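Working notes, structure below.
Each chain gets a letter, A, B and so on, in the order the sequences are listed, and its residues count up from 1. Just so it is clear, the structure is predicted and the values come from calculations on it, not from any experiment. What's counted below: heavy atoms across the whole structure, side chains too, no hydrogens, waters or symmetry copies.
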Amino acid sequence: MKLIKANAADGRVIAGGQSLVAAMNFRLARPDVLIDLNGVKELDFIEETPGELVIGAMTRHAAFHKPVCDGPLGRLLSKVVPNIAHYPIRNRGTFGGSLCHADPASEWCVVAATLDATMKIGSAEGDREVPAADFFRGSFTTAVEPGEILVAIRLPKLDAGWGTGFYEYSRRKGDFALAMALTALRVEGGAISAARVGLGGVADHGKRMADLEAALVGKPATAETFAEVGKLASTLVSPYGDIHGSAEYRRDLTATVVARALAEAADEATA
Amino acid sequence: MNWVGRRLPRLEDPTLLMGLGHFVSDLKQGALAVKFVRSPVAAGVITEIERPDPAEMAGDVFTAADLSDVGNIQAVLNRPDYRRVPHPVLAKERVSFTGQPVAMVIAATEALAEDLAESVFVDIDAEDAITTFDEALAEGARAVHPEAPGNVMVEGRMRTEGVDAAFASAAAVVSFDLKSGRQSAMPLEPRGGVADYDRASGRVTLHASVQMPHMLRTGIADVLGIPESDLRVVAPEVGGGFGQKMSLFPEYIALVWAARRLKRKVAWIEDRRENFLASAHSRDQRFTISGAFDGEGRLLAIDADLLSNVGAFSCYPVSCGVEPLMAFAELPGPYVVPEYGVRSRGVTTNTCMMAPYRGVARPMLTFTMEQLMDRAAIQLGIDPVEIRRRNLIAAFPYRSPTGLVYDEGSYLEAMEAAVRIADIPAFRVRQQQAREQGRYLGIGLSVFAERTGYGTSAYAARKMEIVPGYETVDCEMDPSGRVTLRIGSSPHGQGLKTALAQLVADRIGLAPEDVRVISGDTDTTPYGWGTFASRSMVIAGGASHLAADKIATKLRSAAAQLLEVESDTIELKDGIATASGTNRSLRIGELARAMHHGSHQFGDLGGGLKEHGFYDPDGTFSNACHIAVVEVDPDTGGVRIERFIVVEDAGKLINPLIVDGQITGGVAQGIANALFEELVYDEHGTLLTTSLADYLPPTAMEIPTIEIHHMETISPESVTQAKGVGEGGAIGAPAAVISAITDALSPFGIAIDAMPATPDRIRHVLRDARGN
Amino acid sequence: MTETRDITLDVNGKRHALSVEPRKNLADALRDDCGLTGTHVGCEHGVCGACTVLVDGRAVRSCLMFAVQAEGTAIETVEGLASEDGELHPLQQAFWDKHGLQCGFCTPGFLMLAVGALRENPEMTDVEIRELVSSNLCRCTGYQNILTAVRAAADVMRAGTNG
């Protein structure tokens with residue numbers, strides 16, 4: 001922590017390095033000092049408490065290939081992780097590194113935002129906690145200040161009544177998502193009693209979509225509802241366009257990924 | 001034992017599998033590192049190049065001023081419509097595309113050379129970039145080069161007498177425009193060279209990742225004004241090329257110049273970004289076509305306006321004519337086209353130079369002709385297979401309107417076989433059932449003829465000043481009875497050495513392991529051309545076949561003399577020369593030793609066992625039919641290829657394992673062409689796709705299993721009876737995939753006019769057609 | 001960042017003492033400083049996978065980590081696959097038999113990718129193999145024979161451990 005404080009101005013912290021080293025190879029990033037967290041074994045852990053999963057920032061993506069805990073959350077994380085790049089990248093890249101890099105198309109950022117994770121940020125002065133809603137500030141920007149590092153992520157568990165869904169669309173398998181949706185639903189007597197919806201790839205950072213959640217609660221868990229809420233989602237986002245997909249395309253795609261992720265969550269909730 | 005026709009695992013492989021193969025970047029130990037400072041803008045006049053203070057500079061910086069004794073690269077076509085544009089090694093007064101080399105820096109390590117390159121500032125008075133056809137061909141457009149006013153570098157034009165009458169009498173006329181996105185051959189190993197100066201001889205040895213080492217030596221020597229004997233070019237293991245590595249690039253000339261200037265070993269290893277920016281591009285084409293059909297769907301005439309964006313310079317040696325002139329000559333493809341009108345232009349722009357990429361213009365012209373058949377079939381209410389039946393060439397030899405002579409092929413038979421394998425009636429039932437569930441399946445076919453293995457006559461017809469096409473080999477049996485085959489051609493991953501060893505082994509009665517093939521080194525191989533244009537199995541194979549036959553003849557004569565029989569009774573097999581009908585025999589090794597060490601016995605037969613082979617055929621047409629079955633997701637615009645069938649006729653298969661590998665690899669590149677890959681420039685001429693996250697070669701998840709079936713039509717035009725097969729996969733696949741997408745979405749009545757058919761483009765046409 | 005650091009790398013069970021700049025990536029250090037040029041560099045941004053090696057048994061991109069980060073780990077490269085007497089590893093043999101390579105530039109990366117993954121999960125299904133193979137790029141083969149080769153090698157290796 002002292003090292004990080006001393007180099008707050010011109011240093012960068014490197015976690016898995018799967019984005020930073022690529023940027024340095026392109027000479028797009030050229031830090032004077034790199035502080036490597038890979039030797040800090042204390043940051044590579046997963047702990048389960050009755051209500052939470054606590055994930056050390058240096059936990060590799062590959063740790064989630066098999067469910068890390070019972071119940072919907074463990075299943076959800078192992079459903080999300082295959083969408084992150086490819087196997088060798090998942091062997092090296094880290095959960096905390098992804099959150100700090102805060103790519104607009106990062107799967108873990110969508111998970112953290114949608115499930116209201118709490119980030120534990122450390123510095124030489126001590127630790128502080130920041131809720132996901134305040135953590136992501138924009139594309140590639142977070143609440144982690146110079147001299148600080150992300151230490152751990154607290155993810156609230158979902159109890160057994162929740163079903164979850166995740167749908168991502170990209171040009172090739174493993175590419176950055178053009179749009180993705182993460183959903184969780186509780187269904188009672190055919191109607192949706194609680195909902196979580198998050199989107200990625202269509203805004204400056206992964207976002208929980210309270211308006212969509214509100215639109216779902218009380219509605220029947222049917223394809224029509226999901227299509228309608230998907231359409232609503234597409235009106236609520238203003239994605240950027242690039243060579244892989246125009247803004248118009250990504251807006252369209254938002255409707256599809258939301259509807260598909262909702263259908264998956266409903267299936268799981270009612271299974 | 002016959003080796004030809006066997007699925008022999010390749011002799012090249014153990015070295016590569018153990019990581020012991022030497023690619024050019026493995027040879028840079030002890031070399032100074034070379035980097036190029038490249039133009040940051042697409043067009044403009046260089047006002048100043050600011051170098052760092054020489055006293056503080058840990059290395060050297062060279063610009064065009066330092067290379068004042070060096071000439072320009074100059075590809076020449078002796079055609080009145082061809083504009084000669086000199087291609088400088090380092091940009092002189094002006095820059096013509098983003099990424100053009102402006103200065104060369106040399107330092108002790110690559111990192112230091114990169115640091116140094118960043119301290120060189122190039123001041124340029126930028127001009128508006130011309131990147132598109134519309135910009136280049138606009139009335140009053142700025143000339144990209146003063147030598148080419150109007151921005152047309154080459155133009156082919158012809159019109160048979162009856163075109164207009166055919167259109168006037170047609171029952172149906174089908175007209176449309178198609179576009180192909182710009183693509184990169186994108187070999188997994190980028191370019192690179194290591195030039196080493198030998199103080200003793202004053203010679204430079206250039207190891208470089210290239211497909212045409214002899215041609216490279218000629219080109220470099222000519223531009224530097226040195227004798228070719230002062231330069232040795234070696235192609236070590238080459239990590240793919242697909243055409244991108246067959247041109248002469250400025251970087252190699254600069255590298256040899258630097259080795260001579262500094263009297264040191266220097267190395268330039270290209271990175272991926274440079275490879276996208278500044279190696280070579282291709283397939284940036286826009287074709288406008290009209291077809292006139294009679295009431296039965298028979299094609300009466302086509303009239304086409306073909307544009308190829310050839311970029312800023314004309315690639316040496318094949319020139320910027322390679323895409324437009326191939327499109328001009330070969331557009332009719334496998335179909336009978338009685339009347340033909342065509343105008344085909346190579347348009348220069350402020351973009352990276354166009355050079356050949358597997359298939360050259362044929363992926364696009366096949367896409368065009370297959371769309372013509374599909375669209376005419378819809379317009380005339382004829383089944384898409386039936387309309388092709390009525391138009392495919394069935395009588396051979398066939399002379400095309402541009403004078404090409406098609407040798408024996410199996411256009412109809414290959415299509416019928418593919419159609420049977422695909423079981424189209426069963427598919428139509430499944431397609432209907434799927435549609436009822438909201439799923440969209442489609443089937444598309446593509447039939448094409450591929451001109452392969454063509455020699456000097458074909459290149460001379462293009463009026464190339466440098467006329468490539470023949471191949472030479474030296475085949476020598478040593479006293480131990482082993483053969484060394486030195487070839488002028490130079491493979492880059494295909495497995496040519498194994499296939500040639502199989503051929504030669506059969507001619508001489510040896511095993512392939514007894515035949516060592518040497519290639520790629522201008523000091524140790526005879527002058528030749530290289531691997532491109534689906535030619536090496538036909539032409540280098542033909543030359544090897546002929547040379548090996550001469551060795552075999554000598555061995556038979558010697559054996560006949562020693563065994564006291566007539567030479568035509570000698571059979572060479574399994575390493576033994578046997579007088580047939582007798583029990584008299586000699587091991588071939590014994591014969592070889594006698595020829596070398598006891599030549600006094602053989603009189604006129606002479607000593608030693610070395611023969612030259614030369615082959616220069618007119619060419620032979622391979623053909624194939626590809627069928628793609630796809631599912632289109634109308635909500636994402638995504639395409640999944642469910643099934644892909646290839647029925648290929650490449651004559652006799654020398655090594656079917658290698659042939660199938662060529663087809664699967666080619667089809668994968670064709671699918672990439674149809675769905676994924678596109679180099680994109682913005683309006684300023686800045687390339688937006690300079691990484692593998694932006695330019696999208698498909699992975700194993702996107703490429704389906706490819707079902708391959710063979711037909712073997714034997715043509716007298718090839719001495720080995722083999723036809724070329726290197727490019728076919730890439731040629732046929734795009735048309736089949738696009739056709740299948742269109743079929744899948746036929747309930748919406750859409751047309752796909754551009755490749756790649758990205759999810760965004762598919763959604764766009766669907767939105768237009770169905771409103772959501 | 002031009003000063004160098006002295007480190008020791010354990011590659012294929014042999015120790016290599018080197019002096020590298022901290023910014024030098026592992027792929028370059030293996031190639032330039034250890035003389036192990038079987039690991040290839042095709043993109044330097046982690047997409048192509050030609051540089052894939054094993055670090056502590058796990059397949060990773062050697063272009064996306066620094067050589068100094070690999071100190072204290074066990075690194076395996078393609079040069080370590082065949083036995084001392086030249087007997088090919090089952091994956092190498094399968095790539096040879098099934099024509100799983102053409103130019104050979106991507107091959108070491110695919111071999112190390114599959115070695116690492118099959119060690120972790122010897123029971124991979126065809127679907128899992130396809131997904132695994134999609135981690136790396138090949139420009140020559142169209143992947144078909146790579147998939148066949150990994151399947152064949154997995155079967156041979158499993159039979160070997162069971163028998």
Under 4.5 Å from any heavy atom of chain C, what part of [X] do you find: side chain, backbone, both or neither?
X: A:I14; result: side chain
X: A:A62; result: side chain
X: A:F26; result: side chain

| request: Measure up the A:F136 and A:H205 rings against each other and bin them: parallel (under 30°), tilted (30 to 60°), perpendicular (over 60°). | output: parallel
| Using the ring of each side chain (for Trp, its six-membered ring), is A:F64 parallel, tilted or perpendicular to A:F95, with breaks at 30° and 60°? | tilted
| note | Comparing C:E131, C:M65, C:Q69, C:E44 against chain A, the one with the most heavy-atom pairs below 4.5 Å turns out to be C:Q69
| task | Please determine, by modelled atom types, if C:E120 and A:Y87 share a side-chain donor-acceptor pair under 3.5 angstrom. | result | yes
| Heavy-atom side-chain contact between C:S135 and C:L113 under 4.5 Å | yes
